[in-house]
Amino acid sequence: MSTQIRVRFAPSPTGYLHVGGLRTALYNYLFAKHHDGKFVLRIEDTDQARRVEGAVENLIATLDWAGIRFDEGPGRDGGYGPYVQSERLEIYRKHADDLIKKGFAYRCFCTPERLEEIRQRQNAAKLSTSYDRHCRDLAADEVERRLNAGERNVIRMKVPLEGVLTFEDIIRGTVAIAHEVLDDQVIIKSDGFPTYHLAVVVDDHLMAISHVIRGEEWLPSTPKHILLYKFFGWELPKFAHLPLLLNPDKSKLSKRQGDVAVEDYRSKGYFKEAIVNFVAFLGWNPGDEREIFSLEELVREFSLERVGKSGAVFNVEKLNWLNFEYLKRMPEAEVLRLLKAYLAQSPYAGQLLDDHFLLSVIRAMRERATFIKDLVEKSPYFFERPTQYDQDVVKKRWKPETGSQMKRLLEEFAQLQNPGKEHFESALHKAAESLQIKTSELIHPLRLAVSGVGAGPGLYDILAIIGKEETIHRLSAAIEKLQ
RNA sequence: GGCCCUAUCGUCUAACGGUUUAGGACGCGGCCCUCUCAAGGCCGAAAUACGGGUUCGAGCCCCGUUAGGGCUACCA
């Protein structure tokens, strides 16, 4: 059926998946799934100079990690392959030849040097830079002769000299550009590879793509693509140009102003659910006040009509909050699994830490953590004895009389049998009573003694987690310091 | 420079031309809770870029200005 929705994500394999690329892929995926359509992955590797080894595998792995599954693509044939452009060279050549035959394209023998020269001249004269169409009307026999002589050449599209090209964009509405500002774009390079412009049109048509959903940086070249569709006599797909993702200074999101690779965020400990949720909301929203969306919910609610027009700053603060929310909502068993994985490659890898213990750390620390690693890094005292005491807190909490008070506390604690949280609490109350001081005057110095710091989960929780023996050991060590 | 796109709190955004004293979220500040830090609850500061028009009525439509961005390659 020709009404089948087919979309594609078509990245260049330049090494990693950019977060902007992730959002483009996600929107394509959401749109396809929402409409029971197909999501195609196509690799645009027509620039040999920019090839990076392993980039395709990496791209697929990252998409897969994010939960964005393609229906067709490299290694997953759906009858429209191959899905890697470098494997489709013959197809592009054939189509370029067709265009020449029909008079919509021509051979150009201009050297890069000549091109550079005219560009310079145009720049100096403050004119817009474009090819001067020197070879546009070369005689057929001259073309033949130079071709036979083996002269290097490219194929250019023959853009009409006048008229205005108008097209509809789902997100932007009507866009109009005059033919005269369009360049006679190269469609086949001298190395025989197609440029993006030819390849994208040929492939989108041959792969029966119904909607081209891509970044706004492609908006200015869309008229060239439309011209090619017209030259071929093909039906146009629908276009939707997504707003750009921006740096805090509002320029196009780029390296050098922070991390742009999805892998960077992954390795920092962001959950895929948080990243997907976050990126989905950069340019789209459900229209109400809900903010937490699973991939499935996004599929259900997504529509291109609700995608905004203006660029969105990639705001890490909000991503952090989302990660925090996801950590808070995650089932304990899952947090435990992730914590163990983290611990296994941490300095504490050698320690025997049972699930019961780790679960209690999770319960104590979860609402204080944004990342799994925070569970450990923000409370190292659950994993090792304090090696030093926070001096600011020492000044505030350890008074001359603290030493003897701590001794009194130690005596109470020593009598406890298998104490739990409440037992520590009542023992401390007892000590405070006998010393005729407020419990807080014991709590703060003791917190410092057992944790080395002044902040963290409830004191009795800490004590119950580290246990009686460890509590006494740490308390004794602190008393020594106090004398 | 030329062409194209865009314009609501610092940021992400909501508001079928009238329900708007412009709503929510992040972040920020305050208060409550409290053994600290969090979490949670409550409260607060914070925006329709500017100028014209259309209309009974404009954040929303039109024009201009300004600002920002993208593109301007034998890169994508």
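Order of the sequence lines sets the chain letters (A, B, ...), proteins ahead of strands, with each chain counted from 1. The figures that follow rest on heavy atoms only: side chains count, while hydrogens, waters and symmetry mates do not.
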Problem set entry | Separation of the P atoms in B/rG69 and B/rG27, to the nearest angstrom | 28 Å

Problem set entry | A/K250 side chain near B/rA67 phosphate (N/O to OP1/OP2, under 4.0 Å) | no

Exercise. If the P atom of B/rC56 is compared with that of B/rA15, how far apart are they to the nearest Å?
Worked result: 26 Å

Exercise. Under a 4.0 Å heavy-atom cut-off, which of residues 198-207 of chain A touch RNA chain B?
Worked result: none

For this session: Could you check which nucleotide pairs with B/rA14 in any of the strands shown, counting Watson-Crick or G-U wobble with both distances under 3.5 Å?
Result: none

Exercise. Any donor-acceptor pair under 3.5 Å joining the side chain of A/S440 to the base of B/rC35?
Worked result: no

For this session: Report yes or no: is there a donor-acceptor pair, N or O only, under 3.5 Å between the side chain of A/K309 and the base of B/rA7?
Result: no

Exercise. According to a strict under-4.0 Å criterion, is A/R306 in side-chain N/O contact with OP1 or OP2 of B/rA15?
Worked result: yes

Exercise. When the P atoms of B/rG70 and B/rG53 are considered, how many whole Å apart are they?
Worked result: 35 Å

Problem set entry | Integer-rounded Å distance: B/rU72 P and A/L127 CG | 18 Å

Seminar exercise, completed: pair_partner(B/rU21), Watson-Crick or wobble, both distances < 3.5 Å, evaluates to none

For this session: Using the P atoms only, state how far B/rA22 lies from B/rC60, rounded to an integer number of Å.
Result: 15 Å

Exercise. Which residues satisfy the side-chain contact (heavy atoms from CB on, under 4.5 Å) test with A/V143, sequence neighbours excluded?
Worked result: A/R107, A/F109, A/L138, A/L147

Exercise. Expressed in angstrom and rounded to an integer, what is the separation of A/L219 atom CG from B/rC4 atom P?
Worked result: 11 Å

Problem set entry | base_contact_polar (B/rC5 base, A/R172 side chain, donor-acceptor, <3.5 Å) | no

Seminar exercise, completed: For B/rA7, the nucleotide meeting Watson-Crick or G-U wobble distances (both under 3.5 Å) is B/rU66

Problem set entry | Proximity to the side chain of A/V175 - top-ranked nucleotide from B/rC5, B/rA73, B/rC35 | B/rC5

For this session: Please determine if a side-chain N or O atom of A/T46 lies less than 4.0 Å away from the OP1 or OP2 oxygen of B/rA76.
Result: yes

Exercise. Roughly how many Å is it from CZ in A/F193 to P in B/rA76, rounded to a whole number?
Worked result: 10 Å

Exercise. Which base sits across from B/rG29 as a Watson-Crick or G-U pair, both distances under 3.5 Å?
Worked result: B/rC43

Exercise. Reckon A/G215 touches a base, only the sugar-phosphate, or nothing at all at heavy-atom distances under 4.0 Å?
Worked result: nothing

Problem set entry | Under 3.5 Å on both distances, the Watson-Crick or G-U partner of B/rU54 | none

Problem set entry | Partner residues of A/E57 under the side chain to side chain donor-acceptor pair (under 3.5 Å) criterion, sequence neighbours left out | none

For this session: Classify the ring geometry between A/F281 and A/F293 as parallel (under 30°), tilted (30 to 60°) or perpendicular (over 60°).
Result: tilted

Exercise. Picking from B/rC74, B/rC5, B/rU36, which would you name as closest to the side chain of A/K189?
Worked result: B/rC74

For this session: Indicate the ring-plane relationship of A/Y106 and A/Y131, choosing parallel, tilted or perpendicular according to the 30° and 60° boundaries.
Result: parallel

